[in-house]
Amino acid sequence: MVRRILFFLGVLGLFPIFSSPHRAQQPKPNNPLTDTQKEGRRIFQQRCAVCHTPPTVITKRYGPALYKEIVEDNEDTIRDTILEGREALMPGFKYGLTRPEIDSIIEYLKTVKRPSSRPNKNQPVDNPEQSSGGETN
């Protein structure tokens, strides 16, 4: 009985050695972000997330949800909005962010999936037109 247990434990001990190459060849479940996109995520979390992230039970989203489909093919408009802001809706960041920082935010937003739609009395999660007057910021 003891020999069987020791044999079983020995086989289990060798299992990671044989399975490691196999795991290393499998694709990662999520596409890794580039350094530029990681920088954009960091800046977005510091500067933008307070208004552009999903609402919680006690707060609402002030700006629209930003995700890949909104940003792609609208990079210049997004860049201008970040720089100049929108009167009474969003501050401009032309003095607080550099062009490369803004570009990295845009590159990061191109990786963000559209949020799932969940009913919310205050504001729809996936309808940026209602939360920003029809324009994307």
Side-chain angles (χ1 to χ4, degrees):
M1 178 74 168
V2 173
R3 287 177 78 179
R4 286 185 186 178
I5 293 173
L6 290 175
F7 175 76
F8 182 73
L9 291 175
V11 170
L12 283 179
L14 293 175
F15 183 74
I17 294 171
F18 294 118
S19 66
S20 293
H22 179 67
R23 280 189 282 160
Q25 293 174 357
Q26 292 192 7
K28 294 182 180 179
N30 296 327
N31 292 336
L33 298 177
T34 65
D35 289 342
T36 301
Q37 292 165 338
K38 288 177 185 176
E39 178 71 4
R41 178 180 59 190
R42 182 188 65 76
I43 297 167
F44 180 84
Q45 289 170 343
Q46 289 176 345
R47 300 291 187 101
C48 314
V50 67
C51 295
H52 293 283
T53 54
T56 63
V57 175
I58 58 172
T59 63
K60 66 177 186 170
R61 182 186 352 244
Y62 293 100
L66 299 175
Y67 50 91
K68 183 165 126 175
E69 289 83 4
I70 289 177
V71 176
E72 287 179 335
D73 299 325
N74 293 314
E75 289 89 347
D76 293 334
T77 303
I78 301 288
R79 187 175 297 104
D80 291 342
T81 302
I82 294 170
L83 284 168
E84 301 299 325
R86 294 191 48 226
E87 190 173 331
L89 294 175
M90 178 181 155
F93 290 92
K94 63 184 168 187
Y95 300 116
L97 294 173
T98 64
R99 172 78 184 239
E101 289 173 326
I102 293 170
D103 290 342
S104 67
I105 292 170
I106 291 170
E107 288 304 311
Y108 164 66
L109 290 174
K110 289 180 183 179
T111 68
V112 176
K113 294 180 182 178
R114 182 181 185 139
S116 62
S117 57
R118 289 182 228 151
N120 183 337
K121 288 188 234 175
N122 296 333
Q123 192 168 350
V125 171
D126 64 346
N127 192 345
E129 287 78 19
Q130 285 186 349
S131 61
S132 67
E135 294 181 31
T136 304
N137 52 336

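What you see is a predicted model, and the numbers here were worked out from it, not measured in a lab.
I43 and L33 fall within the same hydrophobic cluster, where Ile, Leu, Val, Met, Phe, Trp and Tyr residues are linked whenever their side-chain heavy atoms come under 4.5 Å apart, directly or through other members.
At least one side-chain heavy atom of L97 sits under 4.5 Å from a side-chain heavy atom of I105. In this structure, the side chains of L83 and I102 come closer than 4.5 Å at one or more pairs of heavy atoms. Using a 4.5 Å cut-off on side-chain heavy atoms (C-beta onward), T81 and M90 make contact.
In this structure, the separation between CD1 on I78 and CD1 on I70 is 7.5 Å, given to the nearest 0.5 Å. Note that CD1 of I82 is 7.0 Å distant from CG of L109, once rounded to the nearest 0.5 Å. For the atom pair OG1 (T111) and NZ (K68), the distance works out to 8.5 Å, reported to the nearest 0.5 Å.
Looking only at atom types and distance, the side chain of R41 has no donor-acceptor partner in the side chain of Q37 under 3.5 Å away.
Taking T36 as the reference, nothing meets the side-chain hydrogen bond (donor to acceptor under 3.5 Å, both in side chains) condition, with sequence neighbours excluded. With sequence neighbours excluded, the residues forming a side-chain hydrogen bond (donor to acceptor under 3.5 Å, both in side chains) with E75 are K110, listed by chain and number. Every residue two or more places apart in sequence or in another chain that forms a salt bridge (Lys or Arg N to Asp or Glu O under 4.0 Å) with D76 is listed here: R79. Listed by chain and number, the residues in a side-chain hydrogen bond (donor to acceptor under 3.5 Å, both in side chains) with E84 are K94 (sequence neighbours excluded). Residues meeting the ring-ring contact (aromatic ring centres under 6.0 Å, His included) test with F44, sequence neighbours left out: Y108. Applying the side-chain hydrogen bond (donor to acceptor under 3.5 Å, both in side chains) criterion to E87, with sequence neighbours excluded, gives no partner residue.
Checking side-chain atoms of H52 against main-chain N and O of P64 turns up a donor-acceptor pair under 3.5 Å.
What you find for E101 and G96 is that their closest heavy atoms are OE1-O, 4.1 Å. Residues Y67 and K113 approach most closely at CB-O, 3.6 Å, considering heavy atoms.
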